[in-house]
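Shown next, in structure tokens, is the structure this report addresses.
One is the number of the first residue; the rest follow in order along the sequence. A quick note: this is a predicted structure, and the numbers were derived from the prediction, not measured. Hydrogens, waters and symmetry mates play no part in the numbers below; they use all other heavy atoms, side chains included.
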Amino acid sequence: MSNPHIEETSQEEARLYEELRRALEDIPQGKEREQVMQRMIRQLKSANWRNGRLNGVKKYWRDARPVKLWIWIAAGALAPVVFFCLFIWASLWVE
């Protein structure tokens, strides 16, 4: 059984490496080639970092129970109310 996210990640990396190879074939040696290489390397690093972060989030939520989901929804719904109350309290205190 294969993981579709890993396949998607490897396809994205393969696409970026292929794009880097094509870009380097078109550009002669020099400063412009170095700039293209640095840009592509940054893209690869950010793609790897993003995929690593998303794997952690997906792993966390894959095992989530409905109680955890309702706690997150309740906290998200109550946060603006709490911040608004704090703002009103602080503005009355300053006054």
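Residue Trp93 shares its hydrophobic cluster (ILVMFWY side chains chained together at separations under 4.5 Å) with Val94.
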Pairs under 3.5 angstrom only: tabulate donor-acceptor contacts from the side chains of residues 68-87 to other protein residues two or more places apart or in another chain.
none

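By the side-chain contact (heavy atoms from CB on, under 4.5 Å) test, Arg42 is found to be paired with Gln38, Arg39, residues two or more places apart in sequence or in another chain being considered.
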Item to complete: Might you work through the side-chain contact (heavy atoms from CB on, under 4.5 Å) test for Arg53 and Trp49, ending with a clear yes or no?
Response: CA-CA 6 Å; Arg53 298 293 293 176; Trp49 177 83; 3.6 Å; yes
